[in-house]
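A quick write-up on the structure given underneath.
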Amino acid sequence: MASLPPFIGRLRQQPPVRLAVIIGLLLLLLVGAWWWFSRTEQKAAAITYTAVAMGDIEETVTAQGQLQPKQYVDVGTQVSGQLKKLYVTANDNIAAGSLVAEIDPTVYQSKVDTDQSQIKSLTAQLQQQQAQTVLARQQHQRNLLLIEQNAVSKQEVDTTAAALKAATAQEASLKAQIEAAKFALNGDMANLGFTKIYAPISGTVISTTAREGQTVNASQQAPTIVQLANLDTMSSWAQVAEADITKIKPGMPVYFTTLGSEKRWTGDVQSVLPAPVITNNVVLYNVVVDADNTSRELMSGMSTQMFFVVGSAKNVPVIPVAALGKRVAAKDNEQGEAYMVRVKGPGGQPKPTLVHVGLMSRTDAEIKSGLKQGDEVATTAAPAPAASGTGGGQRGGTRGGGFGPRL
């Protein structure tokens, strides 16, 4: 019978309990080795590499907006009364100075007529008083001559002097009353003029909020009769998150789309309003963008998806954003922000490498240093950089022309 290997023989000589422990340890060692090698193979197989390529990139800040006419006005009435006539309807194009509506002028015409009659009456009284003043002055001057000859008493002279002063005062009072009546007439004539409502600007009637025969009350505030707007230029008011508002500057190019349309509209940032809008503890800032609308395709109230172009570059080295690893702020320089990436090394194993990133879109990042075209970077099992901003204000775009709908 063939002899057993020495280590088998030694095992058989061990007590049963110790033999069981040794066999158990050997089995655990074999299972652990199998688990380790299978895990390593799976981990290596899970890594996907992407080559650094040349491409175009556009970095944008996105936000939601809403359209409204750049120039518009609520045309109202400054006087109360019945709306006698409305001369326009919605979608009418009218010129500045055109008659829009008319309030019943009967009451205001009556006030003007009363003022004019009062002025005539006061004028007649003034003429009468002026004659009385002339007479009083003549009598007083005559008494002054007579008193030098002792022909009249001093009491008579004092009497005519008082009469002259009274006549002069009455004449001044009537002149003041006439002046006040003229002021009242001017005000009533202005109110009479306000019964005819004219367009303050040229534009399109976008709505009528009053009807003929309706009684309007202007005692508290001017009620709106029609809304008039110049639709040639539309403004989009976009709300940008505070994390991105420092990137937005007046004059910055912008493009946007409307819901249900792939057409891209272009414009420029007109202003960044300094007052914040706080909604659910989120701080947003209004940014106004103007766009040409001579085609009349844009309408008031439309929702817009805004893309503020922070920067763009063509034919530059780019890698997927998913390849960017740990952010290394201490290594930032004039070339850009520093990140760690994993570059495919000898044997297919990833090698940590520091790179500097310039522009960054939603999907790609521009490489300023640390990599060259053809290098392969790991794009799996690596954390992606956190997007900046909230509620739509973040870095956006795509390689090869930019993020967003095509023309």
Side-chain angles (χ1 to χ4, degrees), residues 66-129 171-235 237 288 290 293-294 296 298-302:
Q66 190 171 41
L67 288 172
Q68 66 181 36
K70 179 179 176 62
Q71 185 182 24
Y72 68 95
V73 64
D74 293 334
V75 182
T77 174
Q78 294 179 260
V79 295
S80 302
Q82 186 183 55
L83 184 59
K84 183 178 180 180
K85 183 66 176 178
L86 186 62
Y87 294 96
V88 297
T89 58
N91 290 322
D92 284 352
N93 294 314
I94 60 177
S98 299
L99 183 60
V100 172
E102 185 176 0
I103 303 294
D104 186 357
T106 304
V107 174
Y108 302 99
Q109 184 65 58
S110 176
K111 289 182 178 181
V112 169
D113 295 340
T114 300
D115 292 339
Q116 290 174 339
S117 298
Q118 185 178 7
I119 291 174
K120 290 179 180 179
S121 175
L122 290 172
T123 301
Q125 295 178 41
L126 176 62
Q127 292 173 351
Q128 181 181 1
Q129 185 58 46
E171 182 179 339
S173 175
L174 289 171
K175 287 181 179 180
Q177 292 179 51
I178 291 174
E179 188 175 5
K182 288 181 178 180
F183 290 149
L185 174 62
N186 291 338
D188 290 335
M189 289 186 67
N191 287 334
L192 178 61
F194 291 150
T195 60
K196 291 186 177 180
I197 303 167
Y198 299 92
I201 63 172
S202 298
T204 303
V205 177
I206 58 176
S207 70
T208 58
T209 57
R211 300 175 181 274
E212 289 185 5
Q214 177 181 342
T215 300
V216 292
N217 185 1
S219 58
Q220 299 296 328
Q221 61 181 4
T224 300
I225 303 299
V226 299
Q227 290 182 316
L228 186 61
N230 183 351
L231 301 179
D232 290 341
T233 303
M234 300 293 286
S235 293
W237 287 58
V288 182
D290 288 349
N293 188 39
T294 52
R296 294 295 195 275
L298 298 176
M299 302 183 70
S300 180
M302 281 185 169

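Quick caveat: nothing in here was measured; it's all calculated off a predicted structure. Just so you know, residue 1 is the first one in the sequence shown, and it goes up from there.
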Side chain proximity check, [X] to [Y], heavy atoms < 4.5 angstrom:
X: I225; Y: V216; value: yes
X: E171; Y: L126; value: yes
X: I119; Y: K182; value: yes
X: V112; Y: L185; value: yes
X: Q68; Y: W237; value: yes

T123: which of Q125, K120, Q127 passes side chain to side chain contact (heavy atoms under 4.5 Å, CB included) = Q127

Is it the case that atom [atom1] in [X] sees more than 12 heavy atoms from other parts of the structure closer than 6.0 Å?
X: Y87; atom1: OH; answer: yes
X: R296; atom1: CZ; answer: yes
X: M302; atom1: CE; answer: yes
X: Q82; atom1: CD; answer: yes

Show the nearest heavy-atom pair for residues [X] and [Y], with the distance to one decimal.
X: L83; Y: R211; answer: CD2-O, 3.2 Å
X: V79; Y: Y108; answer: CB-OH, 3.5 Å
X: D92; Y: T89; answer: OD2-N, 2.8 Å
X: P105; Y: L192; answer: CB-CD1, 3.7 Å
X: A95; Y: A199; answer: O-CB, 3.7 Å
X: D232; Y: N230; answer: N-OD1, 3.1 Å

Tell me if a side-chain donor or acceptor on [X] pairs with a main-chain N or O of [Y] at a distance below 3.5 Å.
X: N293; Y: M234; answer: no
X: T209; Y: T224; answer: yes
X: E212; Y: L86; answer: yes
X: T204; Y: I206; answer: no
X: T195; Y: D104; answer: no

Taking atom types as modelled, find out whether [X] and [Y] have a side-chain donor-acceptor pair closer than 3.5 angstrom.
X: Q177; Y: S173; result: yes
X: S80; Y: N217; result: yes
X: S110; Y: D113; result: no

Interatomic distance, [X] atom [atom1] to [Y] atom [atom2] [nearest 0.5 angstrom]:
X: L228; Y: S207; atom1: CG; atom2: OG; result: 10.0 Å
X: L174; Y: I178; atom1: CG; atom2: CD1; result: 6.5 Å
X: L231; Y: Y72; atom1: CG; atom2: OH; result: 12.5 Å
X: E102; Y: Y198; atom1: CD; atom2: OH; result: 8.0 Å
X: K85; Y: I197; atom1: NZ; atom2: CD1; result: 14.0 Å
X: L67; Y: S300; atom1: CG; atom2: OG; result: 7.5 Å

Is any NZ, NE, NH1 or NH2 atom of the basic residue among E179 and K175 found under 4.0 Å from an Asp or Glu carboxylate oxygen of the other?
-> no

Decide side chain to side chain contact (heavy atoms under 4.5 Å, CB included) for K111 and N191; before the verdict, give the C-alpha distance in whole Å, the side-chain angles of both, and the deciding distance to 0.1 Å.
-> CA-CA 10 Å; K111 289 182 178 181; N191 287 334; 5.9 Å; no

